[in-house]
Amino acid sequence: MTEKQLQNEILRTFGRRPEMRVWRQNTGVAVPLSSVRKAMNALRAGNYSLAYTILAQARPIKFGVNGQADITGLLADGRRLEVEVKGKGGRQSDAQKAFQGIIERMGGVYVLARCVDDVERTLQ
Ligand SMILES: [Mg+2]
């Protein structure tokens with residue numbers, strides 16, 4: 001099972017439970033859709049240079065926190081739940097370990113999950 005498949009399986013398994021809410025949290029960088037549309041219009045008009053300039057000058061928007069887990073959520077008692085999912089051979093990065101430390105120091109629940117049962121065991 002790939003990491004993505006396992007993420008989806010965890011979301012399916014725990015997403016239906018009334019005692020918690022879980023959702024995917026992404027990290028990354030994007031550019032505004034308006035810039036993409038302008039660049040696409042320039043491409044349609046055959047103006048590749050303008051399209052390149054528009055995208056090169058687009059304001060990058062970073063989202064997420066460095067090291068944050070793949071899945072986040074809330075438990076019914078108010079604690080925050082963070083689930084870092086690892087596929088076969090995946091290793092927790094230093095940033096992810098630091099994020100785990102923050103969550104645990106603040107009273108949250110952090111799970112390093114290589115299977116659905118890892119989450120179940122931690123929650124019991
Ligand atoms: Mg992961």
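Both ligands and their constituent atoms are indexed starting at 1 by order of listing. This chain uses plain numbering: 1 for the first residue, then up along the sequence. Everything quoted here is computed from the prediction, not taken from an experiment.
Within Glu84, OE2 is the N, O or S atom that lies nearest to the Mg ion (ligand 1). The atom name of the N/O/S atom in Asp70 closest to the Mg ion (ligand 1) is OD2. Within Glu3, the N, O or S atom at minimum distance from the Mg ion (ligand 1) carries the name OE2.
The CG atom of Asp118 sits 8.0 Å away from the CD1 atom of Ile10 when rounded to the nearest 0.5 Å. To the nearest 0.5 Å, the span separating CG on Asp70 from CD on Gln7 amounts to 4.0 Å.
Distance alone, capped at 3.5 Å, is enough to place a donor-acceptor pair between the Gln68 side chain and the Val65 backbone.
At a threshold of 2.8 Å, the Mg ion (ligand 1) has no backbone or side-chain N, O or S atom of Lys86 nearer than that distance.
For Gln96 and Gln100, the side-chain atoms include no donor-acceptor pair closer than 3.5 Å.
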